[in-house]
Amino acid sequence: MHTPQLFDAPAPDQRLGPAARVLRGFALPVARELLPAIDAIAAASPFRHMVTPGGLTMSVAQTNCGALGWASDRRGYRYTTIDPETGASWPAMPGVFDRLARQAAEAAGFSGFVPDACLINRYAPGARLSLHQDRDECDFDAPIVSVSLGMGAVFLFGGHARTDPTTRVALHHGDVVVWGGADRLRYHGVLPLKDEPHALLGRQRINFTFRKAG
Ligand code: MD6
Ligand code: FE
């Protein structure tokens, strides 16, 4: 007999490349601990829309926690110890963030990952992230761990050239993507967010990317 499902089953874990994995629902057990921690970080270092070196204002709002934070302005992209908006250090990385990042890296085959930076992206409906490589970090041996919360998004995962074909990956609340090794410098981005409110976070998507930047 067919048993009706009360909840949507998470999509299966997915391999995006030799060293890139989607761990479905990996962050769900701590999602409710992450939310107040984000509010505390944003109270100290508010979300802001940074300007690219080309002079465009990003549709995604950003802040950081950890010893280093990613920042962009007309002069370029860089990691800083000081939040340029507040003049103070970036807020410390909460223990629950750090543990989640290490455990996800381990689960994807990268042992010993120690993040020193966590970029927090906040998307409202319509916000997007154009195709880019993450190459402002000193150490490309360390993976990147990316955690998605709130509204779903379509993540684009490309190749090593901007014009390479992209794979579309639907990311939902609690999904974690880990990539490194041969996949570390692949182009990627996020399509404009659809307006489909989330039960816990409403009309926003929050993404953290943990890195070893220094
Ligand atoms: C996002 N993520 O999902 C944007 N970068 O909102 C990224 O740009 C990203 O998810 C490097 C590694 C994983 C990512
Ligand atoms: Fe990125």
Side-chain angles (χ1 to χ4, degrees), residues 13-24 26-27 31 34 38 47-50 52 58-66 68-72 77-79 97 100-101 104-105 107-110 113 115-160 162 164 166-194 196 198 201 203-213:
D13 285 359
Q14 200 175 337
R15 190 182 135 108
L16 299 177
R21 296 279 181 287
V22 185
L23 307 174
R24 296 291 179 188
F26 194 90
L34 299 175
I38 298 167
F47 283 100
R48 80 289 308 261
H49 293 271
M50 296 187 196
T52 66
M58 296 179 71
S59 60
V60 175
Q62 296 172 317
T63 187
N64 292 274
C65 66
L68 293 170
W70 185 88
S72 175
Y77 307 121
R78 71 189 77 80
Y79 281 95
F97 281 43
L100 173 62
F110 295 95
F113 177 54
D116 58 11
C118 176
L119 171 64
I120 307 177
N121 293 312
R122 187 182 68 193
Y123 296 72
R128 63 190 288 268
L129 197 61
S130 53
L131 281 181
H132 66 278
Q133 289 174 299
D134 286 27
R135 56 172 181 203
D136 302 316
E137 300 74 27
C138 291
D139 178 2
F140 295 148
D141 291 337
I144 294 183
V145 173
S146 160
V147 177
S148 294
L149 296 174
M151 296 204 299
V154 177
F155 192 65
L156 297 177
F157 199 63
H160 285 90
R162 189 183 293 279
D164 285 348
T166 57
T167 302
R168 292 175 176 223
V169 183
L171 293 181
H172 296 106
H173 181 71
D175 289 348
V176 177
V177 183
V178 181
W179 79 60
D183 296 315
R184 178 63 179 74
L185 290 173
R186 285 172 66 168
Y187 276 88
H188 56 279
V190 177
L191 289 182
L193 220 70
K194 283 195 197 158
E196 290 167 350
H198 182 263
L201 277 114
R203 302 175 72 203
Q204 58 179 342
R205 170 175 185 258
I206 303 273
N207 171 265
F208 316 128
T209 50
F210 294 94
R211 302 114 190 276
K212 182 175 175 340

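We number each residue from 1, following the sequence as shown. Just so you know, ligand 1 is whichever comes first in the structure, and atom 1 is the first atom listed for that ligand.
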request  = Check for a donor-acceptor pair, side chain of His132 on one end and backbone N or O of His188 on the other, with a separation under 3.5 Å.
outcome  = yes
ask   = Given OD1 of Asp134 on one side and NE2 of His188 on the other, what angle do they make at the Fe ion (ligand 2), to 10°?
value = 80°
request  = State which residues pass side-chain contact (heavy atoms from CB on, under 4.5 Å) with Asp136; sequence neighbours excluded, sorted by chain then number.
outcome  = Trp70, Tyr77, Tyr79
task = Please write down residue, atom name and distance for the protein heavy atom closest to atom 2 (N) of ligand 1.
result = Asn207 OD1, 3.7 Å
task = Mark up the atoms of ligand 1 that fall under 4.0 Å of a heavy atom belonging to Leu129, in ascending order.
result = 4 (C), 8 (O)
request  = Tell me, please, whether Phe47 has Arg122 positioned over its six-membered ring: NZ or CZ under 6.0 Å from the ring centre and within 45 degrees of its axis?
outcome  = yes
task = Can you sort out which atoms of ligand 1 are near His132, meaning under 4.0 Å from one of its heavy atoms?
result = 8 (O)
remark   = Numbered in order shown, the ligand 1 atoms found under 4.0 Å of a heavy atom of Asp134 are 5 (N), 11 (C)
key: Protein heavy-atom partner closest to atom 10 (O) of ligand 1 - residue, atom, separation in Å   = Ser146 OG, 2.7 Å
ask   = At what distance is the nearest protein heavy atom to atom 6 (O) of ligand 1, and which residue and atom is it?
value = Tyr123 OH, 2.4 Å
Donor-acceptor contact present, side-chain Gln133 to main-chain Leu185, <3.5 Å = yes
message = Test your reading of the model: is there a side-chain donor-acceptor pair from His49 to the backbone of Met58, 3.5 Å cut-off?
response = yes
Atom 5 (N) of ligand 1 - nearest protein heavy atom and its distance = His188 NE2, 2.7 Å
query = Can any side-chain N or O of Arg48 pair as donor or acceptor with the backbone N or O of Gln62 at less than 3.5 Å?
reply = yes
ask   = Which residues pass the side-chain contact (heavy atoms from CB on, under 4.5 Å) test with Thr209, sequence neighbours left out?
value = Leu119, Ile144, Ser146, Asn207, Arg211
ask   = What atoms of ligand 1 come closer than 4.0 angstrom to any heavy atom of Trp179?
value = 11 (C), 12 (C), 13 (C), 14 (C)
task = Mark up the atoms of ligand 1 that fall under 4.0 Å of a heavy atom belonging to Ile144, in ascending order.
result = 11 (C), 12 (C), 13 (C)
inquiry  = Taking 4.0 angstrom as the limit and counting only heavy atoms of Arg205, give me the atoms of ligand 1 inside it, by number and element.
reply    = 1 (C), 3 (O), 6 (O)
query = So do Val178 and Phe26 actually touch side chain to side chain, heavy atoms under 4.5 Å?
reply = no
